[in-house]
Enquirer: 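Sharing a structure, written as structure tokens. Questions coming.
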Amino acid sequence: QVHLVESGGGLVQAGGSLRLSCAASGRSFRLYTMGWFRQAPGKEREFVAAIIWSGNMFDYADSVKGRFTISRDNPGNTVYLQMNSLKPEDTAVYYCTARRGTSPARTENEYDYWGQGTQVTVSS
């Protein structure tokens with residue numbers, strides 16, 4: 001059981017950076033694989049990045065590799081998404097999610113808990 005709250009979204013120009021945070025409640029945060037998904041209007045929710053509980057294994061969507069970095073702070077019950085070199089096509093609502101288990105996953109039905117989302121808008 002975990003509750004997730006995202007923050008850090010906003011408006012940024014193309015080429016800029018933004019850092020999203022996801023605060024998790026409960027005592028079991030470090031036992032979950034954490035991920036980020038995003039959803040643009042008219043599109044399916046898509047996988048962005050994931051990180052296992054130990055923080056030593058990562059997975060990224062091809063569209064964000066080299067630009068986005070996922071990290072986590074287990075004592076602080078927080079997961080981050082550092083987004084650099086942002087593009088207009090990165091515009092979406094970004095969702096933090098948690099998965100029971102020790103490995104990343106790329107499909108939303110493999111995740112168990114979801115935050116409310118935070119809007120990221122990249123202007124050109």
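Computed over heavy atoms, backbone and side chain alike; hydrogens, waters and symmetry mates excluded.
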Enquirer: In this structure, would Leu18 and Val48 fall into the same cluster of hydrophobic residues linked by side-chain contacts under 4.5 Å?
Expert: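 Linked within one cluster.
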Enquirer: As an exercise, state the distance from CZ of Phe68 to CG of Asn84, rounded to the nearest 0.5 Å.
Expert: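 Going from the CZ atom of Phe68 to the CG atom of Asn84 covers 8.5 Å.
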Enquirer: Is the shortest heavy-atom distance from the side chain of Leu4 to the side chain of Met34 under 4.5 Å?
Expert: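 Counting from C-beta outward, Leu4 and Met34 do come under 4.5 Å.
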Enquirer: Using a strict cut-off of less than 4.0 Å between a Lys/Arg side-chain nitrogen and an Asp/Glu carboxylate oxygen, indicate whether Lys87 and Asp90 qualify as a salt bridge.
Expert: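 Judged by the 4.0 Å cut-off on N to carboxylate O distance, Lys87 and Asp90 do not form a salt bridge.
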Enquirer: For Thr78 and Ser21, which heavy atoms make the closest approach, and how far apart are they?
Expert: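 Scanning both residues completely, I find the closest heavy atoms to be CG2-CB, 4.4 Å.
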Enquirer: Has Thr118 got a side-chain atom pairing as donor or acceptor with Glu6's backbone, closer than 3.5 angstrom?
Expert: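 Judged by distance alone, no pair lies under 3.5 Å.
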Enquirer: Please lay out, stage by stage, how Tyr111 and Arg100 fare under the test side chain to side chain donor-acceptor pair (under 3.5 Å).
Expert: CA-CA 7 Å; Tyr111 287 85; Arg100 294 188 294 267; over 6 Å; no
Enquirer: Both conditions, 6.0 Å and 45 degrees, for the charged tip of Arg38 above the ring of Tyr95: are they met here?
Expert: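 No - Arg38 does not lie over the ring of Tyr95 by the 6.0 Å and 45° rule.
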Enquirer: Could you check Ser17 against Met83 for side chain to side chain contact (heavy atoms under 4.5 Å, CB included), going step by step and ending with a plain yes or no?
Expert: CA-CA 5 Å; Ser17 298; Met83 304 184 294; over 6 Å; no
Enquirer: Is there a path from Leu20 to Val93 through hydrophobic residues (I, L, V, M, F, W, Y) whose side chains come within less than 4.5 Å of each other?
Expert: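 Hydrophobic grouping puts Leu20 apart from Val93.
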Enquirer: Ala40 and Ala92: which non-hydrogen atoms are nearest, and at how many Å?
Expert: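 Minimum heavy-atom separation between Ala40 and Ala92: N-CB, 3.8 Å.
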Enquirer: Should Phe37 and Val122 be counted in the same cluster of Ile, Leu, Val, Met, Phe, Trp and Tyr side chains packed under 4.5 Å apart?
Expert: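 Each belongs to a different hydrophobic cluster.
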Enquirer: State, yes or no, whether a side-chain contact exists between Ser25 and Asn77 at a heavy-atom distance under 4.5 Å.
Expert: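 Side chain of Ser25 against side chain of Asn77, heavy atoms only: no contact under 4.5 Å found.
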Enquirer: What verdict does the side chain to side chain contact (heavy atoms under 4.5 Å, CB included) test give for Ser7 and Arg19, after you've listed the backbone C-alpha separation in whole Å, the side-chain angles of each residue and the deciding distance to 0.1 Å?
Expert: CA-CA 9 Å; Ser7 62; Arg19 192 183 203 193; over 6 Å; no
Enquirer: Roughly how far apart are Glu110 CD and Ser103 OG, rounded to 0.5 Å?
Expert: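 The OG atom of Ser103 is 8.0 Å from CD of Glu110, to the nearest 0.5 Å.
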Enquirer: Please tell me if the side chains of Thr97 and Trp36 come closer than 4.5 Å, counting only heavy atoms from C-beta onward.
Expert: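 No - every pair of side-chain heavy atoms lies 4.5 Å or more apart.
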Enquirer: Roughly how far, to the nearest 0.5 Å, is the NZ atom of Lys65 from the CZ atom of Phe58?
Expert: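 Phe58 CZ to Lys65 NZ: 13.5 Å, rounded to 0.5 Å.
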Enquirer: Under the 3.5 angstrom rule, does the side chain of Tyr32 hit a backbone N or O of Tyr113 as a donor-acceptor pair?
Expert: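 Looks like no, no N/O pair under 3.5 Å.
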Enquirer: Is Val5 linked to Tyr94 within one hydrophobic cluster, defined over Ile, Leu, Val, Met, Phe, Trp and Tyr using a side-chain heavy-atom separation of less than 4.5 Å?
Expert: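 No, because Val5 and Tyr94 fall into different hydrophobic clusters, even though each may have its own neighbours under 4.5 Å.
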Enquirer: How many angstroms lie between atom OH of Tyr60 and atom CZ of Arg106, to the nearest 0.5 angstrom?
Expert: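 Spacing of OH (Tyr60) from CZ (Arg106) equals 11.5 Å.
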Enquirer: Evaluate the side-chain proximity of Val79 to Cys96: yes if any heavy-atom separation is below 4.5 Å, no if none is.
Expert: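 Counting from C-beta outward, Cys96 and Val79 do come under 4.5 Å.
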Enquirer: Among Ile51, Thr69, Asp73, find the residue that satisfies the side chain to side chain contact (heavy atoms under 4.5 Å, CB included) test when tested with Tyr80.
Expert: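 Per the side chain to side chain contact (heavy atoms under 4.5 Å, CB included) rule, the option paired with Tyr80 is Asp73, out of Ile51, Thr69, Asp73.
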Enquirer: Are the side chains of Thr102 and Ile52 in touch, meaning some heavy atoms are under 4.5 Å apart?
Expert: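 Thr102 vs Ile52: side chains apart.
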Enquirer: Taking atom types as modelled and ignoring hydrogens, do the side chains of Ser63 and Arg67 form a donor-acceptor contact shorter than 3.5 angstrom?
Expert: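 No, because no side-chain N or O of Ser63 sits under 3.5 Å from a partner of the opposite role on Arg67.
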Enquirer: Within a strict 4.5 Å, meaning less than it, do heavy atoms of the Thr91 and Gln119 side chains meet?
Expert: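 In contact.
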Enquirer: One thing to verify: whether Asp112 and Arg99 come together as a salt bridge, which I'm taking to mean a side-chain N less than 4.0 angstrom from a carboxylate O.
Expert: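 No, this pair does not count.
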